[in-house]
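Have a look at the structure below before the remarks.
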2 protein chains.
Amino acid sequence: MKFSLRQLEAFQATANSGSVTQAAKRLGVSQPAVSRLLADFANTVGFELFERESGTLTPTSEARYMLTEVSRVFESLNHLEDLRRDLKERTAGHLRIACLPGFATSHLPKVLTEFLDQRPGVTVTLEPDRPERILEWIIGQQYDCGITDGFSGHPATETIDIPIKTACILPEDHPLAAKDVIAVQDLRDEKIIHSRRDSPFHAALMHCFDQKGVPLNSWIEVRQFTAACTLVSQGYGASIVSALDAAQFEGRGLVSRPFEPDLSHELSILRPITGAQPLLVLDFIETFVESLQPFVHESQKAIA
Amino acid sequence: MKFSLRQLEAFQATANSGSVTQAAKRLGVSQPAVSRLLADFANTVGFELFERESGTLTPTSEARYMLTEVSRVFESLNHLEDLRRDLKERTAGHLRIACLPGFATSHLPKVLTEFLDQRPGVTVTLEPDRPERILEWIIGQQYDCGITDGFSGHPATETIDIPIKTACILPEDHPLAAKDVIAVQDLRDEKIIHSRRDSPFHAALMHCFDQKGVPLNSWIEVRQFTAACTLVSQGYGASIVSALDAAQFEGRGLVSRPFEPDLSHELSILRPITGAQPLLVLDFIETFVESLQPFVHESQKAIA
DNA sequence: GCTGATATATAACATTTTGTTATATAAAGT
DNA sequence: ACTTTATATAACAAAATGTTATATATCAGC
C-alpha cells in the first residue's frame with residue numbers, strides 16, 4: 001500500500017506543531033481527520049511515528065529521518081505549482097523567433113526587452129535570416145514565430161499581414177527635405193535606391209512611377225530597407241522604404257517624409273499551424289503587433 | 001484548487017506514452033479513469049496540456065515544462081519510499097553508542113563492522129568514556145546505547161545485565177600456565193594485578209581469596225581489564241579478568257585459564273527509557289548480546 | 001464519401017478516501 | 001477527586017477515484 005499526499009501533510013503538520021489538534025487547525029480540518037490520517041500513515045510505513053512524552057508528541061528517530069525527505073517532496077510540489085502559475089500567467093517559457101535581419105537589430109530588441117521585463121522566467125531565441133529560410137523554419141516548427149515580408153501565404157502557416165506605411169527618405173541636406181510631402185514627380189531627377197526588382201514592393205513602386213509617367217531613375221538595388229537607409233544617410237540618393245526602417249534612422253543623417261501616393265509595405269507574422277499554440281507566442285505576437293501600430297497603414301488595415 | 005498526485009501520474013503516463021489508452025494500461029486502471037483525471041488536471045492548471053497531432057498526443061510547450069518538474073516530484077516520492085523501506089528494514093539511521101574504553105578498541109569494532117555491513121545506510125557514533133559519563137549521557141539521551149560494568153541501575157534507564165565469565169591470565173612462560181584450571185590457592189605467591197579496590201568486582205574477588213584463606217598479594221591496581229591484560233602480556237604478574245578481555249589478548253604474550261571459583265563479571269547494556277525505541281537500537285543490542293554468548297557465565301544467566 | 005477499427009470522451013453508478021459530528025478514553029493540572 | 005485538554009473511535013456524509021456501457025471523433029482502406 002502506498003502513502004498519500006494527505007497523509008504526508010498530516011505527518012508533517014503534526015511533527016512541526018507537536019500536537020494532533022494543532023496540526024488539524026493548521027490543515028483546516030477536524031482533529032479526528034488528522035488522527036486517522038496519522039494512524040493510516042503509521043500503518044503503511046510500518047513503524048511508530050511519534051512517542052508521547054509528557055504532553056507533547058515527539059517524532060521517533062525514524063520519523064525524524066523521514067521528515068526531511070517529506071519536506072523535499074513538498075518543496076518539489078511547490079516548485080511545480082510556481083511553474084504552473086508562471087506558465088499560466090505567461091511569465092515562464094521559451095520563445096523562438098525568426099526574423100528579417102533588419103528587425104533583429106532595430107525594432108525587435110526594443111519590443112523584446114519590454115516584453116521580457118514583465119516575464120522574468122521567459123527566454124528567447126532570436127534568429128535573423130532570409131525570408132525563405134524563415135518560412136522553412138516555421139513550417140518545420142523549429143521556430144514559434146517568424147517576421148518577414150513579401151509573403152504570399154503557405155498552408156502550414158498561420159499568417160497575420162500588416163500593411164506598414166512607407167516613407168521617402170533623403171539625405172539631411174537634400175533640397176527636397178524642405179518639402180512636407182514627397183510626390184513621385186519630385187523624384188524625377190533623383191537617383192533612386194530601391195529593393196530587388198523581383199520583389200512585390202518594387203513592382204508596386206514601379207507601378208506608381210509608371211502611372212505618373214515618371215521614369216524611375218534606378219541607381220542601387222538593395223536587399224534590405226536598412227541598407228537603403230544606410231546609403232541615404234551617407235548622403236547618396238533617395239529611397240522609398242518602410243516607415244518602420246525609416247524611423248530607426250531618423251536623425252542619423254537622413255530625413256523621412258510621407259510619400260505620395262500612399263504606398264504600403266506588407267509585413268507578415270508567421271506561426272506554424274499546430275493544434276495548441278503556446279500561449280506565450282500568442283502573447284508575444286499581440287505585443288509585437290501593438291508595437292507596430294504607429295507605422296500601420298490605416299486605410300489598408302484589413303485584419304482584426 | 002490543488003492538483004492531486006493521481007492527476008500528476010496520469011499526466012506523466014500520458015505524456016510518456018503518447019496516448020491515454022496506453023497510460024491507462026500502464027497505471028493499471030481503465031481508460032475513462034485516466035481521461036477524467038487528465039480533464040480535471042487541465043482544469044486546475046488552467047491551460048491545455050496536449051494537442052492532438054495526427055493520431056498521437058503531444059504535450060504542449062507549457063506541458064513540457066511541467067513534465068520535468070513533475071518527474072522531480074515523483075523522484076522525491078521515490079526517495080521517501082526508499083528511505084521508509086530502509087528505516088523499516090533497519091538499514092538506515094544513526095546509532096550513538098557510549099562504551100567503556102576497553103570495548104571501543106577490541107570487541108565492539110568487530111561486532112559493528114558486521115552489523116554495518118548489512119546496513120549500508122546506517123552510521124554510528126562510538127564514544128568511549130568512564131562509566132559515570134556513560135550513565136549521564138544515556139540519561140540525557142545524548143546516546144542510544146551504553147555499554148558499561150559495575151552498574152547498579154537507574155530509574156531513567158532500561159538495563160540488560162549480562163554475567164560474563166572470568167579467566168585467570170598469566171604470562172606465556174609462567175609455570176602455572178601448565179595447569180588447565182587456576183584455583184585461588186595457586187595464586188598464593190603471585191603478584192596480582194587487579195581492578196580498583198572500590199569496584200564490586202574487586203570485592204567479589206577479595207571474598208574468594210578470603211574464603212580460601214589465601215592472602216591477595218596486591219601488586220598493581222588498574223582501572224581497566226585491558227590494562228591488566230597488557231601488563232600480564234609483558235610478563236608481569238597475574239590477573240583475573242573478564243573472559244572478553246582475556247580473549248582479545250590470547251596469543252599476544254599471555255595465556256588465559258578458567259578460574260576457580262567460577263566468578264562472574266557483570267556487564268550492563270543501558271538505554272534511555274523513552275516511549276518508542278529506535279528499532280535500529282533494539283536491533284543492535286540484540287546483535288551485541290548475541291556476540292557475547294561465548295563469554296556468558298551460563299550458570300548465572302538470569303535474563304531472557 | 002463510406003466503413004470498420006481505434007482512441008477518447010461522457011454518463012451512470014460502485015468503491016475508497018477523506019471529511020464530518022458525537023462520544024469515549026487517557027493524561028495533566030488544580 | 002475533578003476539571004481540562006488531547007487524542008482515539010464510531011457512525012455516517014461528501015468527495016475523489018474507480019468501474020462498465022456507450023457516444024463521438026479520427027484514421028486507413030475501399
Side-chain angles (χ1 to χ4, degrees), chain A residues 1-45 47-60 63 70 73-74 77 81 155-156 273-276, chain B residues 1-45 47-60 63 70 73-74 77 81 273-276:
Chain A
M1 189 201 197
K2 262 300 221 191
F3 41 73
S4 75
L5 265 197
R6 203 70 188 138
Q7 288 171 356
L8 293 187
E9 285 180 305
F11 172 51
Q12 196 183 43
T14 306
N16 289 342
S17 65
S19 133
V20 175
T21 311
Q22 285 305 105
K25 268 187 196 131
R26 198 180 292 188
L27 295 177
V29 296
S30 68
Q31 167 265 313
V34 177
S35 226
R36 193 172 50 191
L37 281 171
L38 279 179
D40 289 351
F41 187 49
N43 257 331
T44 69
V45 299
F47 46 77
E48 289 300 312
L49 298 172
F50 294 101
E51 51 186 293
R52 165 132 275 102
E53 192 178 282
S54 74
T56 53
L57 238 43
T58 345
T60 61
V70 167
V73 171
F74 286 116
L77 276 169
E81 168 59 17
I273 291 189
T274 61
Chain B
M1 189 201 196
K2 260 302 217 193
F3 40 74
S4 76
L5 265 197
R6 203 71 188 136
Q7 288 171 357
L8 294 187
E9 284 179 304
F11 172 51
Q12 197 183 43
T14 307
N16 289 341
S17 65
S19 133
V20 175
T21 310
Q22 286 304 106
K25 267 186 197 133
R26 198 179 294 188
L27 295 177
V29 295
S30 67
Q31 167 266 313
V34 176
S35 227
R36 192 171 49 190
L37 281 170
L38 279 179
D40 290 351
F41 187 50
N43 257 330
T44 69
V45 300
F47 46 78
E48 289 301 312
L49 297 172
F50 294 101
E51 51 186 293
R52 165 126 283 101
E53 191 179 281
S54 75
T56 54
L57 237 42
T58 344
T60 60
V70 167
V73 171
F74 286 116
L77 277 169
E81 169 59 16
I273 291 190
T274 60

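When reading the values below, keep in mind they use all heavy atoms of this one structure, side chains included, and skip hydrogens, waters and symmetry mates. Per chain, numbering begins at 1; letters A, B, ... match sequence-line order.
Here the CD-CG distance, from B/Glu9 to B/Leu37, works out to 9.0 Å after rounding to the nearest 0.5 Å.
OP1 or OP2 of C/dT8 lies within a sub-4.0 Å distance of a side-chain N or O belonging to B/Ser19. Within the structure, a side-chain polar atom (N or O) of A/Arg6 is placed less than 4.0 Å from OP1 or OP2 of C/dG19. When the side-chain nitrogen and oxygen atoms of A/Ser4 are compared with OP1 and OP2 of C/dT18, one or more of them lie within a distance under 4.0 Å.
The CG-P distance, from B/Leu8 to D/dA16, rounds to 15 Å in whole Å. The distance from atom CZ of A/Phe50 to atom P of D/dA8 is 10 Å, rounded to the nearest whole Å. Note: CZ (A/Phe11) to C1' (C/dT18) measures 20 Å, nearest angstrom. A/Lys2 has its NZ atom 22 Å from the P atom of D/dA16, to the nearest Å. For the pair B/Leu49 CG and C/dT8 P, the computed distance is 14 Å after rounding to whole Å. C/dT18 atom P lies 12 Å from atom CG of A/Leu38, rounded to whole Å. In this entry the distance linking CD of B/Glu51 with C1' of D/dT26 reads 16 Å, nearest Å. The nearest whole Å value for the distance from the CG atom in B/Leu27 to the P atom in D/dA16 is 19 Å.
A/Val45 is not listed as a side-chain neighbour of A/Gln7, based on a closest heavy-atom distance of 4.5 Å or more. Between B/Leu38 and B/Phe50 there is a side-chain heavy-atom pair separated by less than 4.5 Å. Side chains of A/Leu77 and A/Leu5 form a contact here, defined as non-hydrogen atoms less than 4.5 Å apart. With a 4.5 Å cut-off on side-chain heavy atoms, A/Asn16 and A/Arg26 count as touching. Taking the side chain as every heavy atom from C-beta outward, B/Phe3 and A/Glu81 approach each other to under 4.5 Å.
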Identify the pairs formed between an N or O of the protein and an N or O of nucleotides 20-23 of chain C at a distance under 3.5 Å, and give each distance.
{"residue": "C/dT20", "atom": "OP1", "partner": "A/Ser30", "partner atom": "N", "Å": "3.4"}
{"residue": "C/dT20", "atom": "OP2", "partner": "A/Ser30", "partner atom": "N", "Å": "2.6"}
{"residue": "C/dT20", "atom": "OP2", "partner": "A/Ser30", "partner atom": "OG", "Å": "2.5"}

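Applying the side chain to side chain donor-acceptor pair (under 3.5 Å) criterion to A/Gln12, with sequence neighbours excluded, gives no partner residue.
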